Amino acid sequence: MELNKIYDANQVEKKWYEFWDNKGFFKPNTLDKDSQPFTVLIPPPNVTGILHMGHVLNNTLQDIAIRFNRMKQRPTLWIPGTDHAGIATQNMVEKELAKEKITRHDIGREKLVEKIWEYKNQKGSHIIEQLKQLGCSCDWSREVFTMDENLTEAVKEVFIHLYNKNLIYKGKYIINWCPRCVTALANDEVEHEDKKGKLWYVRYPLENSSEYLIIATTRPETMLGDVAVAVNPNDERYKHLIGNNLLLPIANRIIPIIADDYVDKDFGTGCVKVTPAHDPNDYEIGLRHNLDKLIIMDEHGCINENAPKEYFQLDRFVARKMIIEKLKEENLLEKIDDHENSVGHCYRCDTVVEPYLSDQWFVRMKPLSERAIKVVEEGDIKIYPERWTKVYMHWMNNIRDWCISRQIWWGHRIPAYYCESCKEMIVAKEMPDICPKCGGLSFQQDNDVLDTWFSSWIWPFSTMGWPKKTPDLEYFLPTSLLITAPEIIYLWVARMIMATLEFQDKIPFNTVLLHGIVRDGQGRKMSKSLGNSPDPIDIINNVGADALRFSMVFNTPKGQDSFYSEEILETGRNFCNKIWNAFRFIVMNIDKTKITNEHSKESTNIGFISNNLSDLADQWIYSRLNQVIKDVDEHYINLRFNDAAQLLMQFIWDEFCSWYVEMAKERLTISPKVETTKFGVEFVLLDVMQTSMRLLHPIMPFISEEIWQLIKQIYLAPQCSSMKCESGLSMNEEALIIANFPEVKDEMINKKIDSEMSLIQETIVSIRNLRKQLNISPAVNINIVLKLSNETQNELYTKYQGYIRKLGKVDKIKMGIDAEKPSSSMVAVVQDIQIFLPLEGLIDIEAEKLKLQKQKEKLENELNIIQGKLKNEKFIMNAKPEIITKEKEKELEVATRLNTVLEVLSEL
RNA sequence: GGGUGCUUAGCUCAGUUGGGAGAGCGCUUGCCUUACAAGCAAGUGGUCAGAGGUUCAAGUCCUCUAGCACCCACCA
């Protein structure tokens with residue numbers, strides 16, 4: 001079998017994805033009551049969106065959790081779906097229309113909605129296809145869309161239920177209004193930004209007087225809507241004027257001076273103009289004083305007919321300029337100050353938001369929040385990282401009513417109908433036939449649609465078929481894990497908790513994992529305008545989904561921001577290649593027929609290797625492998641995927657490839673003496689490889705499946721489908737994706753073996769170091785002398801000197817307890833072992849002394865610290881016993897090393 | 001204005017009940033060693049932001065200071 005020298009993800013990934021999907025591996029394997037399911041809900045991407053790096057991170061994390069639990073043989077379900085994304089999607093289509101100079105009003109509601117559906121159908125599957133390329137193992141047979149028939153039904157059900165419970169009401173209110181999108185925005189949809197602006201000081205003349213009050217304002221154009229000026233009732237400067245009237249400039253209206261506690265005496269001049277229809281605070285003041293609500297702007301942010309004619313239909317900012325000019329002309333502008341204040345912008349189009357008085361629908365949130373607070377407080381729902389629970393609680397405790405109506409056309413239309421004759425409002429799923437009040441027969445449905453989040457907050461059960469009673473709903477709710485970004489804690493996470501408690505009497509999920517945003521190499525947010533946001537599909541086409549996934553996870557500590565850059569991507573790409581080549585080495589060196597034959601003799605069942613596992617390297621790699629299984633398993637469970645990735649890379653690359661495979665070469669090629677030994681090496685190589693692929697599969701599903709399948713295909717005798725190895729794993733599953741996750745065999749973790757191996761390894765490293773110091777070419781073999789300190793070491797080194805020769809490129813080794821230091825030589829010290837590299841020519845004794853002197857100082861320092869501790873009575877009294885034992889062991893070790901160094905020094 | 005975090009190697013960051021300072025990338029040096037140059041080998045590099053405190057012991061806990069980030073909020 002010929003394998004490509006460089007791993008080619010393109011030839012691998014598509015093939016396996018189709019295989020998995022066709023075999024139905026993404027579906028839960030059972031709905032058996034005795035098994036505990038593992039369920040994840042996808043945060044639905046915009047149906048017409050395209051994949052960006054944030055999606056990559058988010059969905060990779062979900063897929064890892066899903067694949068891990070699937071391999072743990074739990075019934076596993078990842079429900080996919082997309083969101084209709086009201087404003088965003090409608091904007092896209094309106095933009096298209098604008099190219100042909102058509103507005104939505106030209107074609108009307110029905111036609112626009114039709115066009116958006118067309119647009120949706122054309123773009124809708126795009127992001128789903130992209131998620132598949134990323135490897136996401138969602139159950140596509142359960143895919144939903146927020147405007148599917150059933151989900152629409154669910155939305156209506158929820159609306160009506162809440163309306164009947166008096167938890168939804170219609171009211172007039174000052175809301176945030178985007179004049180460009182021509183719709184209300186929820187508080188969460190407004191982004192505040194500190195901007196340098198101006199504070200204009202305007203003179204308002206007193207009626208029948210030459211005196212005036214000075215009013216400071218940041219929005220002079222709203223003075224057209226002023227209905228009063230307010231001062232603090234305790235403000236001595238103005239007390240006497242309360243109840244008097246002012247002549248409002250420009251509009252030329254008479255307005256009263258009123259007193260209200262809201263006014264801060266120390267800000268500006270202490271006088272506030274009151275514009276109830278265009279400022280939320282003023283609205284409140286207006287209510288208290290029973291003032292008119294004079295609306296002077298239309299829905300596009302242009303001045304309306306309630307203002308003087310010359311401003312009619314002018315944009316608010318144009319009007320502002322003109323008003324300022326006019327005030328200057330009339331000498332009514334006292335002064336202009338620079339002023340920094342926070343200006344709200346539309347999160348969709350960045351237009352400055354206008355406070356606007358209009359009819360809107362609201363959900364009363366307070367009654368819903370109580371249980372939602374409790375379930376988090378009591379730990380029924382766990383939020384990671386934990387600090388976000390505070391954020392959640394703060395919002396919940398200060399919750400406000402939720403404005404759910406939007407003045408757009410794309411979305412779930414509010415199920416409220418108005419009788420055309422008597423204006424009676426009826427809330428119902430379908431248009432009523434007859435008005436219960438007047439008997440009228442024709443009705444008009446409310447024009448507004450619901451906030452997109454109104455269909456998202458019921459996601460945990462609408463996706464499972466509610467309001468129908470489905471087996472899914474029964475079995476998979478509450479779900480196990482929600483993975484999302486902290487920026488939508490309020491918008492989505494908190495609301496799902498409230499809705500699911502209200503409608504299902506259950507929590508929606510047990511655990512919430514919040515991850516950070518993806519930044520570029522310089523720590524900047526990814527954004528279109530910066531041009532630092534790469535197309536993930538390009539990356540996948542280039543290096544493969546595995547490399548992308550691994551790189552993302554590797555750089556994403558739990559709950560932290562992650563960083564993406566091309567260098568980071570190389571980590572994953574190079575790792576793929578490393579794994580691939582390790583496998584290539586196996587294929588090139590292990591005889592297929594022999595393995596197959598030996599195997600069919602059943603000689604490789606459990607027990608065979610154990611009996612023959614006499615080699616240190618074999619024992620060591622299994623010791624390490626099992627430790628790694630244990631740790632990786634914990635990391636996956638604790639959602640510490642980056643730790644799992646890091647550990648796996650370290651194990652496969654450093655321990656398996658750099659040490660075990662290198663040592664295996666010695667046995668495979670240099671001394672093929674004992675057949676069983678050699679056979680053992682071959683088997684261990686295969687076994688560790690296949691076990692590693694299992695561990696790695698959740699993060700790198702494609703390359704792991706490819707290699708696992710190739711091992712089966714090449715090495716498994718057809719007549720014997722089970723290859724039982726020391727890892728205790730057979731390979732009789734049809735695919736790795738549904739194979740068992742490895743289970744740790746504690747008895748194979750062996751500290752003694754580990755330390756024997758590290759002694760050999762340290763020895764080899766020291767020899768290489770000596771060579772390097774002398775600039776000896778890697779092509780040249782050297783001779784060394786090893787002075788050992790006891791018989792155990794003697795046995796160990798005698799037995800495994802082959803490794804030292806091979807890995808240290810050593811020809812002759814003279815070793816023993818009595819080995820003598822050659823007269824002219826370089827020296828290195830490993831624990832209590834002395835390594836000499838004899839020199840033919842001159843040796844720089846001074847340089848050698850200096851090196852050893854440094855070591856000596858370091859060791860002495862260390863020893864002093866340890867002995868200081870041990871002499872400290874308080875330490876002995878207070879420290880835990882195991883710490884003291886550890887310190888004593890350390891003392892002995894350091895002292896031994898120091899002695900060895902001193903010994904060598906004295907001989908020099 | 002309120003809140004939450006962050007400050008550890010040149011860069012980006014780990015460091016989970018306090019007990020031997022880590023990773024990736026970068027850098028230096030030498031190697032195409034028969035799996036891999038997307039590689040191998042050997043190295044360099046840190047007053048853990050600053051000050052104080054608790055403790056036998058502090059990167060880790062407490063207080064303060066400085067700098068930074070993010071979130072929330074109606075200051076005209």
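Because the structure is predicted, anything quoted here is derived from the model rather than measured. So you know, we letter chains A, B, ... as the sequences are listed, proteins then strands, and number each from 1.
Nearest to the side-chain atoms of Asp264(A) among the listed nucleotides A35(B), G20(B), A76(B) stands A76(B). Side chain of Lys890(A), nearest nucleotide from A35(B), G20(B), A76(B): G20(B). Taking only side-chain atoms of Arg640(A), from C-beta outward, the nucleotide of A35(B), U4(B), U16(B) with the closest atom is U16(B).
Base contact: Ile6(A) has a heavy atom under 4.0 Å from a base atom. Residue-level contact check: Val391(A) touches neither bases nor backbone, having no heavy atom under 4.0 Å from any strand. Among the heavy atoms of the strands, none lies under 4.0 Å from Cys576(A). Residue Glu889(A) is classed as having no contact, given no heavy-atom separation below 4.0 Å to the nucleic acid. Val765(A) comes within contact range of the sugar-phosphate backbone alone, with a heavy-atom separation under 4.0 Å but no base atom that close.
Distance, Lys869(A) NZ to A58(B) P: 9 Å, rounded to whole Å. As a whole-Å value, the separation of Ile399(A) CD1 from A73(B) C1' is 16 Å. For the pair Asn281(A) CG and C75(B) P, the interatomic distance rounds to 8 Å; values are reported in whole Å. In this structure, CD1 of Ile488(A) is placed 17 Å from C1' of C70(B), rounded to the nearest angstrom. Atom CZ in Arg584(A) sits about 14 Å away from atom P in A38(B), given to the nearest Å.
A donor atom on one side chain and an acceptor atom on the other are found under 3.5 Å apart for Gln773(A) and Asn769(A). Neither side chain, Tyr7(A) nor Asn581(A), offers a donor N or O lying under 3.5 Å from an acceptor on the other.
The phosphate of A41(B) (OP1 or OP2) has a side-chain N or O of Ser658(A) nearer than 4.0 angstrom. Using a 4.0 Å cut-off, some side-chain N or O of Asn769(A) falls inside it from OP1 or OP2 of G43(B). Phosphate contact (OP1/OP2 of G39(B), side-chain N/O of Asn574(A), threshold under 4.0 Å): present. Note on Arg768(A): a side-chain N or O is less than 4.0 Å away from OP1 or OP2 of A42(B). Contact annotation: Lys5(A) reaches the phosphate of A37(B) (side-chain N/O to OP1 or OP2, under 4.0 Å). Regarding contacts with the backbone of C40(B), a side-chain N or O of Trp653(A) is found under 4.0 angstrom from either OP1 or OP2. The side chain of Asn878(A) contributes an N or O atom lying less than 4.0 Å from OP1 or OP2 of C56(B). When the side-chain nitrogen and oxygen atoms of Lys578(A) are compared with OP1 and OP2 of C40(B), one or more of them lie within a distance under 4.0 Å.
Judged by Watson-Crick or G-U wobble contacts below 3.5 Å, the nucleotide A38(B) has no partner. In this structure, C48(B) forms no base pair with any nucleotide, since neither Watson-Crick nor G-U wobble geometry is met with both distances under 3.5 Å. Searching all strands for a Watson-Crick or G-U wobble partner of G67(B) with both distances below 3.5 Å returns C6(B). C61(B) is paired with G53(B) under the criterion used here, namely a Watson-Crick or G-U wobble arrangement in which both key atom distances are under 3.5 Å. The nucleotide C75(B) finds no pairing partner, because no Watson-Crick or G-U wobble arrangement with both distances shorter than 3.5 Å includes it. The partner of U17(B) is absent, by the rule that a Watson-Crick or G-U pair needs both atom distances under 3.5 Å.
Ion pairing of Glu891(A) with Lys888(A) is absent here, as no side-chain N (NZ or NE/NH1/NH2) approaches a carboxylate O to less than 4.0 Å. One finds no salt bridge joining Glu221(A) and Arg316(A) here, because no Lys/Arg side-chain nitrogen approaches an Asp/Glu carboxylate oxygen to under 4.0 Å.
Below 30°, between 30° and 60°, or above 60°: for Phe550(A) and Phe575(A) the angle between ring planes is between 30° and 60°, a tilted geometry.
Within 6.0 Å of the CD atom in Glu873(A), the count of heavy atoms belonging to other residues, nucleotides or ligands does not exceed 12. The number of heavy-atom neighbours closer than 6.0 Å to NZ of Lys382(A), taken from other residues, nucleotides and ligands shown, is above 12.
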